[in-house]
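Let me begin by presenting the structure, written as structure tokens, before commenting on it.
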2 protein chains.
Amino acid sequence: MTAMPASQTKLGRPREFDSDYALEQAMRVFWAKGYEGASLTDLTEAMGITRSSMYAAFGNKDELFRRAVERYTEGPASYGIRALSEPTAREVAESILRGAAAASTSREAPHGCLGVQAALSAGDNGLTAQKVLVDWRQDGAARLESRFLRARAEGDLPETEDPRTLAAYITTVAYGIAVQAATGRSEAELLRVADVAMNAVTWSHG
Amino acid sequence: MTAMPASQTKLGRPREFDSDYALEQAMRVFWAKGYEGASLTDLTEAMGITRSSMYAAFGNKDELFRRAVERYTEGPASYGIRALSEPTAREVAESILRGAAAASTSREAPHGCLGVQAALSAGDNGLTAQKVLVDWRQDGAARLESRFLRARAEGDLPETEDPRTLAAYITTVAYGIAVQAATGRSEAELLRVADVAMNAVTWSHG
DNA sequence: GTACTTCCGTACCGATCGGTCCTGAAGTGA
DNA sequence: TCACTTCAGGACCGATCGGTACGGAAGTAC
């Protein structure tokens, strides 16, 4: 219904607003105010469109949030995906922690991590959004676990390290860094925290 | 007006409900649903009192939240204060991390940490609550920093360790553990994470 | 031009939000 | 008993919530 295949013949009046820009703005509002704290008025004003246009283009608030999270993953949180392709387990972990510190304290975006703070807890109306983010965090941890599993198979991580626990540890620190950023800590401080955190693990290299 | 000194002569009809119990229930609702997600209806139903009684006893939603956070500090989060009186820096840190893992995964309470998840981000109506929790987290970190400062002075922590960074690291892991608990991780997993985290620091003892 | 489709803006929907007010009952001290 | 105070309950407040209906304007395909 909403997102038709682009191959279809375009009929009628074409959309006047930039859908990507609108989604970007919605993402920022959710990031700053959380799912429940972001009202339709907040969202549409930031997106520069009316309620009608938003509902026609994205369906409803839940779907808009889902799309915003996707965009967040591909945009501000893309350091996470890039980190997975670092050559060694140590560099993967370091990229994630330093990336989290940087992304959570950017001056051009809300502090903290959308994936953590937008719906950590929720009332009845926010349960869908809460589940979206639980899945988002679980998925990220699972990818990291797979990466560490591969690293161990490649001899890149000592056999004594458990990939699941290690992935849980790194994501734990990353989430904590996001909370610290939302509490007001500076990037410099959080980079030092990331450095300390790296010492917890015996890496094969580095 | 609201909270008169207890020394005053008691006049009129005495309160019929248990104020402590009511506050405990309110705390749990805020813990599970967050500040904005917890409606007055949710709160008063759990507390077993009417809106009138709540407003007479606690003032308004913001004040109720403030009191609930106080109770949280003295109750479910009391492990934090107790940890500060452990004899060595290592034991302080270990008590905090293990305490966080246990408190965040209790079967008799909502998962996660009220101080983290009840208002990490907020809309306009939740800004006061958000500030309460920012202060709460900053205060906790400051106390831990003081404790580590003392530990270093007592020769209980190597001179090479910076108390501020160390306190930031430990609280970061503790917050991360709370996020993981809200994501569904088990206590056993989080205890393993806590063990890993302890290896990041060179302690004088243990 | 004409038929058709989708646009956008607005007015509006019922529900719920936090908070107030009023009333009658119930307990207090003298 | 009496005056006084505070209780609990529920109706009610304006504002805002997410979401919908409608209608005129504006674009496209033929």
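Each chain gets a letter, A, B and so on, in the order the sequences are listed, and its residues count up from 1.
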Legend entry - Side-chain N or O of A:Ser53 closer than 4.0 Å to phosphate OP1/OP2 of C:dC8: yes

Legend entry - Rounded interatomic separation in angstrom, taking CG from A:Asp124 and P from C:dA15: 16 Å

Legend entry - Whole angstrom value for the distance that separates P of C:dG18 from CD of B:Glu45: 12 Å

Legend entry - DNA chain C: 5'-proximal contact among B:Leu40 and B:Glu16 (nearest heavy atom): B:Leu40

Inset, instruction - Identify the two heavy atoms, one from A:Glu36 and one from B:Lys33, that lie closest to each other, and give their separation to 0.1 Å. - result: OE1-O, 4.3 Å

Legend entry - Separation of atom CG in B:Leu64 from atom P in C:dG18, rounded to whole Å: 11 Å

Legend entry - Donor-acceptor pair present, B:Arg51 side chain and D:dG9 base, under 3.5 Å: no

Legend entry - Listed nucleotide nearest any side-chain atom of B:Lys61, set C:dT10, C:dG19, C:dC21: C:dG19

Legend entry - A:Thr41 side chain, from C-beta outward: closest of D:dC17, C:dC8, D:dA8: D:dC17

Inset, instruction - Examine the base of D:dG10 for any acceptor or donor lying under 3.5 Å from a partner atom in the side chain of B:Thr50, and report the outcome as yes or no. - result: no

Inset, instruction - Map B:Asn125 and B:Phe17 onto DNA chain D by nearest heavy atom, then report which one ends up closer to the 5' terminus. - result: B:Phe17

Legend entry - Spacing of A:Ile49 atom CD1 relative to C:dC7 atom P, expressed in whole Å: 11 Å

Legend entry - Heavy-atom pair of closest approach, residues B:Leu97 and B:Ala194: CB-CB, 3.8 Å

Inset, instruction - From the options C:dG18, D:dA8, C:dC7, select the nucleotide whose nearest atom is closest to the side chain of B:Tyr55. - result: C:dG18

Legend entry - Closest contact, heavy atoms only, A:Gln117 versus B:Ser121: O-OG, 2.8 Å

Legend entry - Contacts of B:Phe65 that satisfy ring-ring contact (aromatic ring centres under 6.0 Å, His included) - sequence neighbours left out: B:Phe30, B:Tyr35

Inset, instruction - Have a look at B:Ser39 and say if it touches a base, only the backbone sugar-phosphate, or nothing, with a 4.0 Å heavy-atom cut-off. - result: sugar-phosphate

